[in-house]
Amino acid sequence: MSDTNNTLVDAVHAPTVKLETVRTSRPADTPASNPATLEADSVSAWFGDHKVLEQVSLSMPARKVTALIGPSGCGKSTFLRILNRMHELIGSASLSGRVLLDGEDIYDRGRRITHARRQIGMVFQKPNPFPAMSIYDNVTAGLKLGGIRAGRDDKDVLVEECLTKAGLWKEVRDRLRQPGGALSGGQQQRLCIARSLAVRPRVLLMDEPCSALDPTSTRRIEETIHELSEEVTIVIVTHNMQQAARVSDQCAFFLAEQGTPGLIVEHGTTRAMFDNPQDPRTTDYVNGRFG
Ligand SMILES: Nc1ncnc2c1ncn2[C@@H]1O[C@H](COP(=O)(O)OP(=O)(O)OP(=O)(O)O)[C@@H](O)[C@H]1O
Ligand SMILES: [Mg+2]
């Protein structure tokens with residue numbers, strides 16, 4: 001790995017912007033943060049009879065940021081959607097294998113789909129706030145869907161806390177009643193992160209969350225990811241190798257060669273994946289030689 005990349009990996013572990021202290025009172029039905037370990041066990045996936053993932057196993061430990069990297073079409077988004085039961089919403093989609101949240105299979109027959117969704121949140125490539133809804137209401141929008149009751153005072157606390165954690169509070173505290181759609185792209189993405197945090201997920205999945213953002217907004221989101229990793233397990237898909245090096249503790253390299261289903265070629269600590277990859281395809285990919 002080049003010196004540049006070494007510097008990038010070092011930068012991950014340097015302290016970044018500190019979170020403001022937030023008040024500790026919480027809506028009654030929302031426990032303190034409790035990040036979970038997520039484990040994929042031999043996950044394969046199909047769209048119709050087209051197999052797109054082959055026996056993917058990966059542990060995504062609590063309090064760590066896991067980056068999923070690999071060329072377009074290798075199944076990263078499909079894998080991410082399987083991790084919170086969104087894959088099954090697509091008519092032709094099927095899967096095999098298990099996804100364990102602190103050891104319990106989210107696909108067990110007795111488990112409700114909403115249970116997995118509440119515990120495993122998702123932030124998408126394109127920020128998707130409710131544009132006409134106020135910033136305040138955007139943050140609390142998930143509570144009702146998640147079956148969480150909260151009074152006005154509780155909501156006020158929660159809105160401040162989640163916007164603070166998402167790194168947006170200072171920018172919006174004087175205009176909480178303005179529409180979410182009036183924010184910049186980077187602010188909208190942080191609003192979406194705040195909205196996800198409001199239901200206190202134990203895992204947060206992020207699919208290329210910065211790909212539509214400018215470098216400054218990207219940095220701000222990366223700081224947010226770094227700050228959040230103590231309280232929610234983060235799994236992020238990124239095409240940006242510098243970003244993977246900056247924000248993640250471990251990486252998994254996905255590849256689908258010549259029409260074969262995507263699989264994990266190699267995974268390990270981010271430092272090892274960039275400094276000392278074991279597979280020549282990983283070396284080529286992290287050094288930008290394909291994909
Ligand atoms: N809804 C769908 N119906 C049918 N095939 C799909 C669907 N979504 C994805 N696929 C196929 O599944 C494979 C994996 O796609 P996926 O979107 O997971 O890749 P990706 O690694 O996220 O790519 P990118 O980096 O471009 O986002 C591709 O061959 C894709 O064409
Ligand atoms: Mg994708």
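Source: prediction; values computed, not measured. Just follow the structure's listing: the first ligand is 1, and inside any ligand the first atom is 1. Heavy atoms only: backbone and side chains are in, while hydrogens, waters and symmetry mates are out.
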Is there any N or O on [X] that sits under 3.5 Å from an N or O of ligand 1?
X     : answer
Ser72 : yes
Gly75 : yes
Gly73 : yes
Cys74 : yes
Ser92 : no

Where Leu191 and Pro129 come nearest, the two heavy atoms and their spacing: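 Shortest heavy-atom separation between Leu191 and Pro129 comes out as CD2-CB, 4.0 Å.
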
Atoms of ligand 1 less than 4.0 Å from [X] heavy atoms?
X      : answer
Val52  : 12 (O), 13 (C)
Glu208 : 27 (O)
Thr78  : 14 (C), 15 (O), 16 (P), 18 (O)

Interatomic distance, Leu228 atom CG to Ile193 atom CD1 [nearest 0.5 angstrom]: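 Here the rounded value is 7.0 Å.
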
Short N-O contact, [X] and [Y], less than 4.0 angstrom:
X      : Y      : answer
Lys165 : Glu161 : yes
Arg190 : Glu171 : yes
Arg177 : Asp137 : yes

Whether Phe47 and His87 hold their rings parallel, tilted or perpendicular, with breakpoints at 30° and 60°: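 Phe47 vs His87 ring planes: perpendicular.
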
Residue and atom name of the nearest protein heavy atom (relative to atom 8 (N) of ligand 1), distance in Å to one decimal: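 Among all protein heavy atoms, the one nearest atom 8 (N) of ligand 1 is Phe47 CZ, 3.5 Å.
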
Protein heavy atom at shortest distance from atom 17 (O) of ligand 1: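 Its nearest protein heavy-atom neighbour is Ser77 CB, 3.9 Å.
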
Worked check of side chain to side chain contact (heavy atoms under 4.5 Å, CB included) between Glu104 and Leu101: CA-CA 5 Å; Glu104 294 193 2; Leu101 183 77; 5.5 Å; no

4.0 Å heavy-atom contact, Gln125 with ligand 1: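 Contact check Gln125 vs ligand 1: negative.
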
Heavy-atom protein neighbour under 4.0 angstrom from atom 25 (O) of ligand 1: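 Yes; the ligand atom in question has protein heavy-atom contact below 4.0 Å.
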
Atom 30 (C) of ligand 1 protein-contacted, heavy-atom criterion under 4.0 angstrom: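 Not a single protein heavy atom is under 4.0 Å away.
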
Heteroatom N/O/S of Ser77 within less than 2.8 Å of the Mg ion (ligand 2):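 So Ser77 does bind the Mg ion (ligand 2) by this criterion.
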
Side chain to side chain contact (heavy atoms under 4.5 Å, CB included), paired with Thr114, selected from Arg112, Arg118, Arg111: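 For Thr114, the side chain to side chain contact (heavy atoms under 4.5 Å, CB included) check succeeds only for Arg112.
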
Side chain to side chain contact (heavy atoms under 4.5 Å, CB included) partner of Leu205, chosen from Ile236, Val235, Val237, Ile234: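 When side chain to side chain contact (heavy atoms under 4.5 Å, CB included) is applied between Leu205 and each of Ile236, Val235, Val237, Ile234, only Val235 qualifies.
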
Proximity winner for atom 21 (O) of ligand 1, if only heavy atoms of Lys51, His50, Lys76 are counted: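 Heavy atom nearest to atom 21 (O) of ligand 1 belongs to Lys76.
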
Cation-aromatic face contact Arg195/Phe130, 6.0 Å, 45 degrees: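 Here Arg195 passes the 6.0 Å and 45° test against Phe130.
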
